[in-house]
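Notes to accompany the following structure.
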Amino acid sequence: MELNYGASRQQPRQDAAMQRFREHRFGQFVHWGLYAMPAGYWQGTEYRFAAEFLQKTANIPEPEWAELAQQFSAEAFDADAWAALAARSGVKYATFTTKHHDGFCLWPSQYTDFHSGNTPAARDFIGELVAAYQRHGIDVYLYYSVLDWHHPDWRYRLESAEDQQAFKRYLDFAMNQLVELAQRYPSVKGFWFDGTWDESVKANGRWTWEVEQRLKELIPGLIVSSRLRADDLGARHRDSNGSLMGDYESGYERRLPDPWDRSVCEQDWEACMTIPQASWGYHAGPWAKRTRKSAAELIDMIAHCTSLSGNFLLNFGPRGDGSIDPEDAALAEQIGNWLAQNGAAIYGKGVATNWSYPGWGYYTQEADSETVYAVVTKWPTARRLRLQLPAGERLLAATLLREPALQLNPQELETSLFELELGNSSEETLVFELTTAAAEEQSWTEPNPDV
Ligand SMILES: Cc1ccc([C@@H]2N[C@@H](C)[C@@H](O)[C@H]2O)cc1
């Protein structure tokens, strides 16, 4: 059907900026703001829900919540320390919350007084982070919540002329802030949008289209997530014709596609993930600490996304004083150590098109390259790894990527089916670089079973 504000393209972008995003594969998400101070607690009660939602889960009146800004001194905030840890973790890009649903801005916006300049900290945190991360060679993306609990003109639904007029004022405010962010930080590579699911936003597909157009005029090559977009009829992420809007699919939040679902490879996509089960902001309670993911689980997710040509955005929630939780720092170092040894299987890699999902881990491959990587994340109990190669191929060698390198000689069980004897390695996640060749003509013929 004819749409004025639907998808702007049918095929993935092939420009250099998008190719760079695609090759980065692993990014750091950062959720930080006023919510990091109460950290899931209010008046002595632990609220077992996402810490960044505390204002709602604890039914805190908006003026009382806004008072938190007067305690926001962030005395331990150190952008360079955050960026150095991110670089050691192996991320190639980072996405920072500039304004989350509570409306508090981490930059001195001229369009509201509810920002970090009007706090005891009196700092432009976004400006410091953009500069520090780029000094460490990490690309920066900005998260912006369209949903805004603080702004008096925000509306969930448009049920009256007054609602329409108020929400028009709100959308003008949000457009002004987004232009302000693009003009203050023109070196950022993209915008990550959230808080766009309400009826009020879905009824304004044209505004979401205009935001994308305006930001891309200001920053050529800019990348915008599909979550910004609604079309003429209120369809989100994909327009009413089923075409993806924005530049990559950003619907995978705390979930990944099935590892055998090759349909996701048709577009660029990114999954975002928390370290605890379900809190993006720092949560100090046992509820969050009990559910933390291990390095091995997160490395599995990085390889899972890479094997389907997607990116993995891992979230960190710094503490209210601006310091990084030591457990998060240790986890980041563990992941970075693994990537330092095995990153060749992740960075710049994607789906191994002719190789089917093996179950014990993931195959990855660089487009137009013969080299395939096997990332083993689920050890076969028999310590013998079976590899079903594409028809007509045989496995010549499997070389471990980590030091000391070890080459294993595969045993051919039958045409294109090979086995590796893994021994008793204690490591959790190994990566093999596979050397293959066209199978020779079969030297023997199958006996004709006269059954
Ligand atoms: C129901 C719900 C709404 C918003 C969210 C936000 N999206 C994530 C990326 C976080 O910002 C979370 O607060 C999560 C769940």
Side-chain angles (χ1 to χ4, degrees), residues 26-40 42 47-60 65 68 91 93-106 125-126 129 140-151 154-157 174 177-178 181 190-202 208 223-230 236-237 246 248-256 269-285 287-288 291 293 298 301 305 310-320 328:
F26 180 37
Q28 179 192 45
F29 214 168
V30 177
H31 277 71
W32 189 55
L34 299 182
Y35 44 77
M37 290 192 292
W42 197 256
Y47 286 81
R48 299 186 174 186
F49 195 77
E52 73 281 1
F53 264 76
L54 185 67
Q55 180 182 341
K56 293 301 176 186
T57 42
N59 294 313
I60 302 165
W65 181 264
L68 285 172
V91 299
Y93 66 103
T95 303
F96 304 116
T97 51
T98 59
K99 182 189 82 160
H100 201 260
H101 307 334
D102 67 353
F104 179 70
C105 302
L106 287 173
F125 292 109
I126 298 304
L129 288 167
V140 174
Y141 292 68
L142 300 180
Y143 165 112
Y144 184 86
S145 172
V146 177
L147 167 60
D148 186 320
W149 298 328
H150 178 80
H151 198 286
W154 166 262
R155 294 292 184 278
Y156 292 98
R157 285 167 301 283
Q177 283 205 315
L178 287 163
L181 286 166
F191 279 77
W192 205 103
F193 286 91
D194 204 4
T196 54
W197 49 80
D198 287 298
E199 291 310 314
S200 53
V201 182
K202 291 197 292 187
T208 71
I223 294 169
V224 167
S225 66
S226 64
R227 199 178 292 202
L228 162 65
R229 297 281 280 106
R236 295 184 61 229
H237 291 277
Y248 65 93
E249 213 280 312
S250 63
Y252 288 103
E253 178 172 320
R254 292 197 303 115
R255 64 187 177 93
L256 303 185
W269 60 278
E270 174 194 71
C272 57
M273 190 58 67
T274 50
I275 294 172
Q277 176 57 23
S279 185
W280 299 84
Y282 175 65
H283 194 297
W287 167 76
T291 62
K293 298 174 185 71
L298 294 165
M301 293 181 186
C305 291
N311 284 18
F312 185 68
L313 189 65
L314 178 59
N315 183 71
F316 289 77
R319 298 188 292 196
D328 285 359

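Each ligand, and each atom within it, is numbered from 1 in the order the structure gives. Numbers for residues simply follow the sequence, beginning at 1.
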task = Using distance alone, with no hydrogens and no angle criterion, decide if H100 and Y143 have a side-chain donor and acceptor under 3.5 Å apart.
result = yes
key: Any donor-acceptor N or O pair under 3.5 Å, side chains S145, H101   = yes
inquiry  = Are W65 and F104, when compared by the centres of their aromatic rings, separated by less than 6.0 Å?
reply    = no
Any idea which protein heavy atom is nearest [atom], and the distance to it?
| atom | result |
| --- | --- |
| atom 13 (O) of ligand 1 | E52 OE2, 2.7 Å |
| atom 6 (C) of ligand 1 | D194 OD2, 3.3 Å |
| atom 10 (C) of ligand 1 | H31 NE2, 3.3 Å |
| atom 4 (C) of ligand 1 | W197 CH2, 3.3 Å |
| atom 1 (C) of ligand 1 | F53 CZ, 4.8 Å |

Please examine the side chains of [Y] and [X], heavy atoms only from C-beta on, and report whether any two atoms are closer than 4.5 Å.
| X | Y | result |
| --- | --- | --- |
| Y141 | L313 | no |
| T274 | F29 | no |
| H237 | R229 | no |

inquiry  = For atom 8 (C) of ligand 1, is there a protein heavy atom at a distance under 4.0 Å?
reply    = yes
ask   = Does the N or O separation between H100 and ligand 1 drop below 3.5 Å for any pair?
value = yes
query = Counting both backbone and side chain atoms, is some N or O of E253 under 3.5 Å from an N or O of ligand 1?
reply = yes
request  = Pull out every atom of ligand 1 sitting under 4.0 Å from any heavy atom of Y143, numbered as shown with elements.
outcome  = 11 (O)
query = Any salt bridge (charged side-chain N to carboxylate O under 4.0 Å, His left out) pairs touching residues 311-320, not counting sequence neighbours?
reply = none
